[in-house]
Protein chains: 2
Amino acid sequence: MEVSAQQPKPQFNAFAASCPSRRLLDTIGDKWVSLLIVALGLRGPLRYSELSSQIAGVSQKMLTQSLRRMERDGLVTRTLTPSVPVRVDYELTSLGQSLLAVMSHLKEWAEVHMPQVEAARATYDAANR
Amino acid sequence: MEVSAQQPKPQFNAFAASCPSRRLLDTIGDKWVSLLIVALGLRGPLRYSELSSQIAGVSQKMLTQSLRRMERDGLVTRTLTPSVPVRVDYELTSLGQSLLAVMSHLKEWAEVHMPQVEAARATYDAANR
DNA sequence: CAGCATCCCAGGCGATACTG
DNA sequence: CAGTATCGCCTGGGATGCTG
């Protein structure tokens, strides 16, 4: 944690560190976490191996780490089936689903406004060449 | 960029890398960017030095870098007043304000549901000690 | 199959010093 | 005042190898 005890300039930092929205961003700002929420939201419960193959590019370290974090935060459930080869399924909790709903709004905003952002970038880059 | 040209497993990665919502998360997932949006949203146009003092803990490197990024993305305008000591004001564009609106929903969700998340964490930590 | 442990490197970020 | 430039640390995260 960067803010330990008595912060020197507490004006906005106090707000930042303790603010729920800040902590939420810590969660969904994570690349894999947000992808996992979407994946699990779209396709229901998924096995570890399914997640691994569907979310291309994720290392198993990050996959496990992200899933643990989400489990800890109550966003997913982890169901272990002790069959011959072990089977583990991950599923969004209702809390996770409500978060998915919020993220859909993000997605919506993005789809509507990202073209403007892209345009702004092009303009900016053209000017500063 | 992690995905350069031909990705090996394009299933979800293609979606991820090119998806507008993914790119939006790249933006608002940034700690300082999100803080800056909120700060500028709450308190109107702010000078560089005001931002620097109000958002405690930010280095001027990150402050400048974040502001540049936001300017490039069309989220803020940068107004230079060539007075004796230079004066620079940053202000949310309408695009930036619409993003602020979306982030308010995040904030709302967070305020409502973060207690559940905290509770889940406590339970999880208690179980795995 | 579903992980955990270890090693290791790139680059993100803070600290510091300098400029128009 | 509002930055840019440089350096160096430190950690996030990929790669690899091992286990129940």
Side-chain angles (χ1 to χ4, degrees), chain A residues 1-4 7-9 13 16-17 25-36 39-40 45-72 76-91 124 128, chain B residues 1-4 7-9 13 16-17 25-36 39-40 45-72 76-91 124 128:
Chain A
M1 188 61 66
E2 101 231 15
V3 179
S4 52
Q7 48 273 73
K9 301 186 290 176
N13 215 1
L25 284 172
D26 287 341
T27 296
I28 68 169
D30 183 288
K31 178 177 181 172
W32 303 120
V33 167
S34 53
L35 281 177
L36 283 168
L40 289 170
L46 289 172
R47 302 182 58 174
Y48 182 90
S49 53
E50 291 171 334
L51 287 169
S52 179
S53 62
Q54 289 192 9
I55 303 186
V58 67
S59 65
Q60 125 280 48
K61 177 180 179 177
M62 291 319 293
L63 181 55
T64 300
Q65 184 173 301
S66 302
L67 286 169
R68 284 293 171 282
R69 188 174 173 189
M70 294 167 71
E71 188 192 358
R72 184 172 107 100
V76 297
T77 55
R78 178 178 180 273
T79 310
L80 175 77
T81 307
S83 46
V84 181
V86 192
R87 174 194 178 102
V88 179
D89 286 272
Y90 291 92
E91 183 172 15
Y124 183 92
N128 304 60
Chain B
M1 187 60 68
E2 100 234 15
V3 179
S4 53
Q7 46 275 73
K9 300 186 290 174
N13 214 1
L25 284 172
D26 288 341
T27 296
I28 67 170
D30 184 285
K31 178 178 182 171
W32 303 119
V33 168
S34 54
L35 281 177
L36 283 167
L40 289 169
L46 289 172
R47 303 181 59 174
Y48 182 90
S49 51
E50 291 171 333
L51 287 169
S52 179
S53 61
Q54 289 192 7
I55 304 186
V58 67
S59 65
Q60 108 295 46
K61 176 180 180 179
M62 291 317 292
L63 180 57
T64 300
Q65 184 174 301
S66 302
L67 286 169
R68 284 290 172 285
R69 188 174 173 190
M70 294 167 70
E71 187 192 1
R72 184 172 107 99
V76 297
T77 55
R78 177 178 181 273
T79 309
L80 175 78
T81 307
S83 46
V84 181
V86 192
R87 175 194 177 101
V88 180
D89 287 272
Y90 291 91
E91 183 172 15
Y124 183 92
N128 304 60

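Protein chains get the first letters and strands the later ones, always in sequence-line order, with residue 1 at the start of each.
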On the nucleotide [N], are OP1 or OP2 found under 4.0 Å from the side-chain N or O atoms that [X] carries?
X	N	value
A/R47	C/dA2	yes
A/Y48	C/dC4	no
B/S49	D/dA2	yes

Between [N] atom [atom2] and [X] atom [atom1], what is the distance in whole Å?
X	N	atom1	atom2	answer
A/Y90	C/dC1	OH	C1'	11 Å
B/L67	D/dT4	CG	P	10 Å
B/Q60	D/dA2	CD	P	12 Å
B/L51	D/dG3	CG	C1'	14 Å
A/L63	D/dG14	CG	P	11 Å
A/M62	C/dC4	CE	C1'	15 Å
B/L46	D/dA2	CG	P	11 Å
A/K61	C/dT6	NZ	P	12 Å

Tell me what B/V86 touches on the nucleic acid: a base, only sugar-phosphate, or nothing, going by heavy atoms under 4.0 Å. base
Proximity to the side chain of [X] - top-ranked nucleotide from [options]:
X	options	answer
B/R78	C/dG3, C/dC13, D/dG3	D/dG3
A/T64	C/dG3, D/dG3, C/dC13	C/dG3
B/V88	C/dA2, C/dC4, D/dG3	D/dG3
B/R68	D/dT4, D/dG13, C/dC1	D/dT4
B/S59	D/dT4, C/dG14, D/dG13	C/dG14

Quick check: closest heavy atoms across B/I55 and B/A39, and the distance to 0.1 Å? CD1-CB, 4.1 Å
Measure across B/E50 and B/P45 and return the closest heavy-atom pair with its distance rounded to 0.1 Å.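 Looking at all heavy atoms of both residues, the closest pair is OE1-O, 4.4 Å.
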Would the distance check show the side chain of B/S59 and the main-chain N or O of B/M62 forming a donor-acceptor pair, the cut-off being under 3.5 Å? yes
A/T81 side chain to A/S83 backbone, donor-acceptor under 3.5 Å: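 Between the backbone of A/S83 and the side chain of A/T81 there is no qualifying donor-acceptor contact (under 3.5 Å).
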By nearest heavy atom, map A/D30 and B/R87 onto DNA chain D; which one lands nearer the 5' end?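 Nearer the 5' end of the strand: B/R87.
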Base D/dT4 paired with B/Q65 side chain (donor-acceptor, <3.5 Å):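 Under the 3.5 Å cut-off, the side chain and the base do not form any donor-acceptor pair.
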Check this for me: does any side-chain nitrogen of one of A/K31 and B/D26 sit under 4.0 Å from a carboxylate oxygen of the other? no
